[in-house]
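One structure is given here, and the rest of the page talks about it.
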Amino acid sequence: GTGLTGGAVPLRPDCVVVNTEKLNRIRGLTTRQLTLRDGAVGLAHVLELEAGVVTEKAMEFAEHRGLVFATDPTSAWACTVGGNIAENAGGKDCVLWGTCIDNLLSWRMAMPSGRRWTVRRADHQLRKILPEDTVAFEVLDEAGDTVKRITLSGGEIRKKGLWKDITNKALKGLPGIQKEGTDGVITSAEFILYPAYPFTRTLCLEFFGPSFDEASEVIQDIARAMPDRGQEALMALEHFDDQYVRAIDYKVKAPRPETPKAVIVV
């Protein structure tokens, strides 16, 4: 209910805002076998939790077990799992693991008709969705019968090079995700968790040139040079400009008196 991005703000008279904060149980962690695209079987760590669980609690639960809850928006201290799904939230780690849609195995919804639907990813590959991928979701009713099957290309989920397209709300009618709560109430979900890397290193790059151009080019170079998965990977890439530097009272690392034009954290 914090509405930090405006997703929970009622815009018209007689709107209904549903508070799910009491749906706050982490139901448990299981290991399942998933059939991958090449026919191999992958072992998946699956976390089932209710929609009102605060994201930070889910992240801490995973971390204590050597795993990563990869949907990590900046508001993790306040936002909830249901809101993450409704806004297809991302975060710094989406460079490696994608946004919410990449990490969901299934979610349950209460629909305006009074029926309850389960939306299930039919072909999870235990990784981020790539532009060349085709992704299938099944919508099931309370009896487990298929209401519809929705197939999306990677390019329909996000524009090439963008990695999150907030303009395509429809996603061919995929219920719940990226709909900001307008087509049903998300009640619970299952997320894929990933093994945590044993070591991580953080680099801070400061740019003192006259423009942001050089930093932009370096961002592209880093993204191209680093692998996007495997034993070594680029996990997170954040940048901010000089206005942001001043706003947060950033402490300059280099022995220089001026304010950086840009800062990149890798």
Side-chain angles (χ1 to χ4, degrees), residues 2-7 55-56 59 63 68-79 83-84 87-103 127-133 153-169 178 180 194-266:
T2 56
L4 292 179
T5 63
T55 307
E56 189 174 64
M59 295 169 69
E63 184 180 2
V68 176
F69 186 85
T71 302
D72 64 332
T74 305
S75 58
W77 57 273
C79 66
N84 292 342
E87 295 203 12
N88 190 16
K92 63 182 185 302
D93 288 345
C94 66
V95 174
L96 177 58
W97 286 300
T99 58
C100 197
I101 193 172
D102 299 78
N103 303 307
R127 59 165 172 79
K128 180 173 66 177
I129 299 168
L130 302 177
E132 61 270 20
D133 284 339
S153 68
E156 289 175 299
I157 292 171
R158 49 179 70 98
K159 292 179 180 178
K160 185 177 180 180
L162 190 61
W163 288 109
K164 184 174 181 183
D165 180 9
I166 60 173
T167 65
N168 183 9
K169 294 289 186 184
Q178 211 159 277
E180 301 193 11
Y194 303 96
Y197 281 87
F199 301 102
T200 60
R201 294 291 182 268
T202 301
L203 306 177
C204 180
L205 311 178
E206 297 174 333
F207 296 82
F208 294 90
S211 72
F212 196 82
D213 294 351
E214 186 180 22
S216 301
E217 293 172 2
V218 170
I219 290 171
Q220 292 181 319
D221 289 343
I222 292 172
R224 282 192 288 259
M226 292 289 291
D228 61 1
R229 56 185 180 275
Q231 290 187 339
E232 295 181 357
L234 175 63
M235 183 178 293
L237 191 61
E238 292 277 351
H239 73 276
F240 38 94
D241 60 17
D242 52 347
Q243 292 185 4
Y244 195 94
V245 165
R246 290 191 292 269
I248 65 173
D249 194 23
Y250 174 80
K251 305 303 180 185
V252 180
K253 311 296 185 292
R256 301 177 64 153
E258 66 264 43
T259 300
K261 189 68 178 177
V263 177
I264 301 175
V265 179
V266 186

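Keep in mind that this is a model prediction, so the values were computed, not measured.
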Legend entry - Close side-chain approach of Leu237 and Ile219, heavy atoms under 4.5 Å: yes
Legend entry - Nearest non-hydrogen partners of Ile101 and Asn88, listed with the distance: N-OD1, 3.0 Å
Legend entry - Distance in Å, Glu206 CD paired with Arg256 CZ, rounded so as to fall on 0.5 Å steps: 9.0 Å
Inset, instruction - Mind checking the CG-CE spacing from Leu96 to Met226? Nearest 0.5 Å is all I need. - result: 10.0 Å
Legend entry - Neighbour count >12 (heavy atoms, 6.0 Å) for atom OH, Tyr197: yes
Legend entry - Minimum heavy-atom distance Gly91-Glu238, with the two atoms named: C-OE2, 4.4 Å
Inset, instruction - Check Asp102 against Lys128 and note the closest heavy-atom contact, atom names and distance. - result: OD2-CG, 3.4 Å
Inset, instruction - Under the side chain to side chain contact (heavy atoms under 4.5 Å, CB included) rule, what do Arg158 and Ile129 come out as? Steps first, then yes or no, please. - result: CA-CA 9 Å; Arg158 49 179 70 98; Ile129 299 168; 4.0 Å; yes
Inset, instruction - Starting at CD1 of Ile157, measure out to CG of Asp133 and round the result to the nearest 0.5 Å. - result: 8.0 Å
Legend entry - Flag if over 12 foreign heavy atoms under 6.0 Å of CD, Glu232: no
Inset, instruction - Measure the NZ-CH2 distance between Lys92 and Trp97 for me, rounded to the nearest 0.5 Å. - result: 9.5 Å
Inset, instruction - Please lay out, stage by stage, how Asp93 and Met59 fare under the test side chain to side chain contact (heavy atoms under 4.5 Å, CB included). - result: CA-CA 12 Å; Asp93 288 345; Met59 295 169 69; over 6 Å; no
Legend entry - Side-chain donor-acceptor pair present, Thr259, Asp242, cut-off under 3.5 Å: no
Legend entry - Leu234 CG to Arg224 CZ distance, which is reported to the nearest 0.5 Å: 13.0 Å
Inset, instruction - Find the distance between CG (Asn84) and CG (Asp72) and round it off to the nearest 0.5 Å. - result: 9.5 Å
Inset, instruction - Look only at the side chain of Ser75 and the backbone of Ala78, and say whether a donor-acceptor pair between them is shorter than 3.5 Å. - result: no
Inset, instruction - Looking only at non-hydrogen atoms, find the nearest pair between Phe207 and Val218 and report the distance. - result: CE2-CG2, 3.7 Å
Legend entry - For the student: nearest non-hydrogen atoms of Val245 and Pro260, plus distance: CG1-CD, 4.2 Å
Legend entry - Contact summary for Cys79 and Ala76, nearest pair of heavy atoms: SG-CA, 3.8 Å
Inset, instruction - Take Ser216 and Asp213 through the test side-chain hydrogen bond (donor to acceptor under 3.5 Å, both in side chains) and record every step on the way to the result. - result: CA-CA 5 Å; Ser216 301; Asp213 294 351; 5.3 Å; no
Inset, instruction - Could you please spell out the steps behind the side chain to side chain contact (heavy atoms under 4.5 Å, CB included) verdict for Tyr194 and Asn103? - result: CA-CA 9 Å; Tyr194 303 96; Asn103 303 307; 2.8 Å; yes
